[in-house]
Structures are given as C-alpha cells and as structure tokens.
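Read through the structure below, which is laid out as structure tokens, and then see the notes.
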There are 2 protein chains.
Amino acid sequence: MGRTREFDEEKVLDAAMQLFWEKGYEATSLSDLTSRMGIQRPSIYSAFGDKKELFEAALRKYTMSRASDVRTRLQNHSSVKEAFSTFFENVVAEEYTKNSSRGCFCINTMVELAPHDEKFEILTREHQMYLSVIFQETIERGIQSGELEADVNAKALSQALIVSLIGLTVIMKSRPERSFVSNTIEVILKLLK
Amino acid sequence: MGRTREFDEEKVLDAAMQLFWEKGYEATSLSDLTSRMGIQRPSIYSAFGDKKELFEAALRKYTMSRASDVRTRLQNHSSVKEAFSTFFENVVAEEYTKNSSRGCFCINTMVELAPHDEKFEILTREHQMYLSVIFQETIERGIQSGELEADVNAKALSQALIVSLIGLTVIMKSRPERSFVSNTIEVILKLLK
DNA sequence: ATTATAACATACCGTTCAGTACGTTATAAT
DNA sequence: ATTATAACGTACTGAACGGTATGTTATAAT
C-alpha cells in the first residue's frame, strides 16, 4: 500500500548520469540534480541514497551501456581493421560534433575519484579491463580469419589500443587541431598490421 | 615602506601546487590551502588573487617545470629508442612507487576544467603541444643519427606517443596490474622501429 | 469507507564554502 | 623618532552545500 511513485527511475537516473558526466562529481550540486532530474530532494534520497550512491548508480548505468555499445560497434564489421578504424573515427567525430566535450564518464571518474576512493578505483578499472577484453576478442577474430598475422599478441595489443583510446578521449578535452587526432589514429592503427 | 612579506612566494605556491595536483580544483578548499601553504587567507588573496588565479599560477608553475624535466630526460640518452623507453618506464615506476597516484597535474586539469573554462582549455592544450614538439625533436634527432628510418613521420609519431603517455598516466589512476602497462609500453615503442 | 503507508512538496538543519572587514604589527622612507 | 603603509592574525560575511524533519496527498489493502 502507499502512494505510487510518480517518476520513472530509469529516466531520472539517466538525467543524473548526463549531469555527472558533464560536470563531474564535486561540481554537481544537489540543486543541479533536482532541477535536471525533475524531482525533489527527498525523492532522490529515497530512491537512490546519498549523492555518492546516486553517482555510483549513474556510473554503473553508463559503463554497462557503454560496454554493450562498444561490443556492438566492433561486431558490425567483418573486417577487424575496418572495425577499429571506424570505431576510432566515430569517437573523434562525436566529440568534435558536440559543442562541449564530455569525453567518457568513466575516464572522467578515473581522474576525479579513483585515486581517493577505492570503490571507484575498482569500478573504473574493471570497466577498462572489460573493454580491453572486447578489443582482444575482436583482434583474435582477425587472427582467426587470417586478416591479422598469427604472431600478433592479441592481449598486449588490445591493452595498447585501450590506452590510446583513453589518451585520445582525454586530449580532445583540450580541443587540439583535428589533424592531431587524425595523425594519432593513423599511427596507432598501424599496430594492427 | 610597509611590512616585509614573511613567506616565500615560490614555496607557498609550490605547496598550493602539490595540493591542487593531488585533489583537483573543486575538492580543494581555501582552508585546505591555508593549512598546507602555512599562511593565512588574506595573504593568499593579496599575493595570488582568488582561488582560480592561484590555481592557474600553480598550474603554470607545474607545466613549466614539467616541460623542462621532460626535455632533460629525453636529452639524457644518445639513443633515442633508449631515451623513450627509459622515459616511459620511469613514468610508470614513479606512479607505482607512490601510495596515491596523482598522475599529471595538467592532465587532471584537462579533464576537470578544460571543458568548462576556455583559459584552461588553451593552457592545457598548449602544454601538450609543447611536449609533443619535444618528442618530435627527439625523434628527428634519431632520424638524423640514422637510428630511426628516414621515412618516419616524426610529427605524427610524436603526437601518437603523447596520446599514449596521456592514456598511460590516466589508466594508472585505476591501478591496473603492472603487466597491463608494461605490455602497453612494449607495443607502443614498436612504433619507433 | 476506513486505514495504513509510501511518495510527495516545503521548509528547514548545521556545516562549510569563497571571500573580506578590521584592528594590530612591523618596516621602509622621511 | 615619526609616519605612512603593507603584511599580518582574527573574526566575520552571505551564500551554497549535503542532508533531513515534517506535514500533506494519494493509493493499495482491508
């Protein structure tokens, strides 16, 4: 019994995610959250707990959705080289299209919270490890099909590509000339040769 | 005339730099600053301006010192491959030695402030561009000496190495297994072949 | 229809924030 | 020695912070 909830938990959590993604944890206030989520303060606390728990829920939603998105994109091409090339180009294109560069919510959190909060150290690390496994599986597919040479170290290479992706995502926050990132991608993708 | 300043501006600015580096802009309070810098609040304002101006002074101090440090390290070896190898290994070793991973103050700022403050977008971008020029000069030295092949694209390669360095610095904040970063460095340095 | 209860809106809590007013102390110029 | 002034320590400001107490409203079970 009791009154029924008037808001959609997934929708308001998504709104919180967008805001934390854009502004980070510290710079986002409860007032920012209530206005963006469209619900009152006590509703946030009853549904998600305190600010940090809400942030964690938002980040988990992000990483899950992001992982499946990455997986989908890489499976979309039969050619592995083409898959990675398109993937990296799209990441760049999306970032340069938007006015403000939010980058990656998980990477932002790695920088802001991971060094001071073990929970987020683990959460962000595991997401990156998961992405690196997706990369690795894709590379192994390329080896299997004969597109990539058999002596490629799939694991090491996938880790290097994850690191490059992180570096690209971060440096785009300073809005370098587009040629900078294009050059970088071109060089990095040579590793798939 | 008037009373003489009792604190060393460079020393207290260095203390502020350490604190901002460790905690970021938002999470560092004026009270944190006064206790770490060892001076009172009005002294900060009279010497450096408000919190953001102090932060900017601290970041400028960091980037200048960092750039000259990088330059020195890369000039320390006659072999260019060895120079980069030692450089990357040292970055990793230093990060894993310390208990907490502060990473790079400039990269932290790129993530926290650059997307919302044009001044820091420019400042952080220009630092990365400067580092990339140092990398490029080092690579060109290797080409000149015959250590690297003549058809190497020094500019593109240096940019890719900068991106990799950023990626490495960031992912170390989540404390991945050391093999992860070792693998990455090994793969990345193959680009110098 | 009554009742128990959960979600609602409002208004508030103590704390901490960045920034400053002000009275005191020390020094450089006269 | 006097004076003007700049740096000092203390204590304060209004605003914003995260979080909650409280009274009202709506709904599910009886």
Side-chain angles (χ1 to χ4, degrees), chain A residues 1-60 105 108-109 112-113 116-120, chain B residues 1-60 105 108-109 112-113 116-120:
Chain A
M1 58 181 73
R3 192 168 168 176
T4 52
R5 191 156 275 171
E6 290 176 5
F7 59 89
D8 181 329
E9 283 193 42
E10 283 304 313
K11 274 190 181 170
V12 300
L13 180 56
D14 199 85
M17 181 188 86
Q18 302 292 337
L19 194 51
F20 279 131
W21 185 358
E22 189 183 317
K23 304 184 53 168
Y25 177 76
E26 290 288 346
T28 301
S29 72
L30 261 293
S31 301
D32 293 333
L33 287 165
T34 55
S35 62
R36 184 85 140 244
M37 298 169 81
I39 61 178
Q40 302 297 331
R41 210 171 279 228
S43 299
I44 296 181
Y45 281 86
S46 76
F48 304 102
D50 68 13
K51 187 186 174 188
K52 209 143 212 177
E53 291 174 295
L54 173 60
F55 184 90
E56 185 184 341
L59 180 57
R60 287 188 187 277
F105 187 14
N108 298 351
T109 304
E112 187 183 8
L113 299 184
H116 310 99
D117 190 323
E118 198 185 357
K119 176 172 273 172
F120 292 104
Chain B
M1 60 179 72
R3 193 169 168 175
T4 52
R5 190 158 277 171
E6 290 177 4
F7 58 89
D8 181 330
E9 282 193 42
E10 283 304 313
K11 274 190 180 170
V12 300
L13 180 56
D14 199 84
M17 181 187 86
Q18 302 291 338
L19 194 52
F20 279 131
W21 184 358
E22 188 182 317
K23 304 185 50 167
Y25 178 76
E26 290 288 347
T28 301
S29 72
L30 261 294
S31 300
D32 294 334
L33 287 165
T34 54
S35 62
R36 184 85 140 241
M37 299 169 80
I39 59 177
Q40 303 296 331
R41 209 170 282 228
S43 299
I44 296 181
Y45 281 87
S46 76
F48 303 103
D50 67 14
K51 187 185 174 188
K52 208 144 214 176
E53 291 174 296
L54 172 60
F55 183 90
E56 186 186 341
L59 181 58
R60 286 188 186 278
F105 187 14
N108 298 351
T109 304
E112 186 183 8
L113 298 184
H116 311 98
D117 190 322
E118 198 186 355
K119 176 172 275 172
F120 293 104

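A, B, ... follow the sequence lines: proteins, then strands. Residue 1 opens every chain.
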Exercise for the section: Might you confirm whether atom NZ of A/K52 has over 12 heavy atoms from other residues, nucleotides or ligands at distances under 6.0 Å? Expected result: yes
Handout entry: Length of the CZ-P vector between A/R3 and D/dA26, whole Å
Key = 6 Å
Completion exercise
One should report the stems of DNA chain C, each a stretch of at least three consecutive Watson-Crick or G-U pairs at distances under 3.5 Å, as C:1-30 with D:1-30
Practice task
Say whether A/R36 and A/T28, considering side chains only, have a donor N or O and an acceptor N or O under 3.5 Å apart.
Solution key: no
Handout entry: Straight-line distance of B/I44 CD1 to B/F7 CZ, nearest 0.5 Å
Key = 8.5 Å
Exercise for the section: For atom CD of B/E118, decide whether the heavy atoms of other residues, nucleotides or ligands shown that lie under 6.0 angstrom number more than 12. Expected result: no
Handout entry: Check: A/F55 ring centre within less than 6.0 Å of A/F105 ring centre
Key = yes
Problem - Flag, side chain of A/D32 to backbone of A/S29, donor-acceptor distance under 3.5 Å - result: yes
Problem - Polar contact flag, side-chain donor to acceptor under 3.5 angstrom, B/R5-B/S43 - result: no
Handout entry: Side chain to side chain, A/E53 and A/D50, heavy atoms closer than 4.5 Å
Key = yes
Exercise for the section: With the side chain counted from C-beta on, respond yes when A/L113 and A/E56 share a heavy-atom pair under 4.5 Å apart, and no when they do not. Expected result: no
Handout entry: Residues within residues 40-50 of chain B bordering DNA chain D, heavy-atom distance below 4.0 Å
Key = B/Q40, B/P42, B/S43
Completion exercise
Here the distance between atom P of D/dA16 and atom NZ of B/K51, to the nearest Å, is 15 Å
Problem - Donor-acceptor contact below 3.5 Å, side chain B/E9 vs main chain B/A47 - result: no
Problem - Stretch residues 5-34 of chain A: residues that reach within less than 4.0 Å of DNA chain D through a heavy atom - result: A/T28, A/S29, A/L30, A/S31
Practice task
Rounded to the nearest angstrom, tell me the gap between atom CD1 in B/I39 and atom C1' in D/dG9.
Solution key: 13 Å
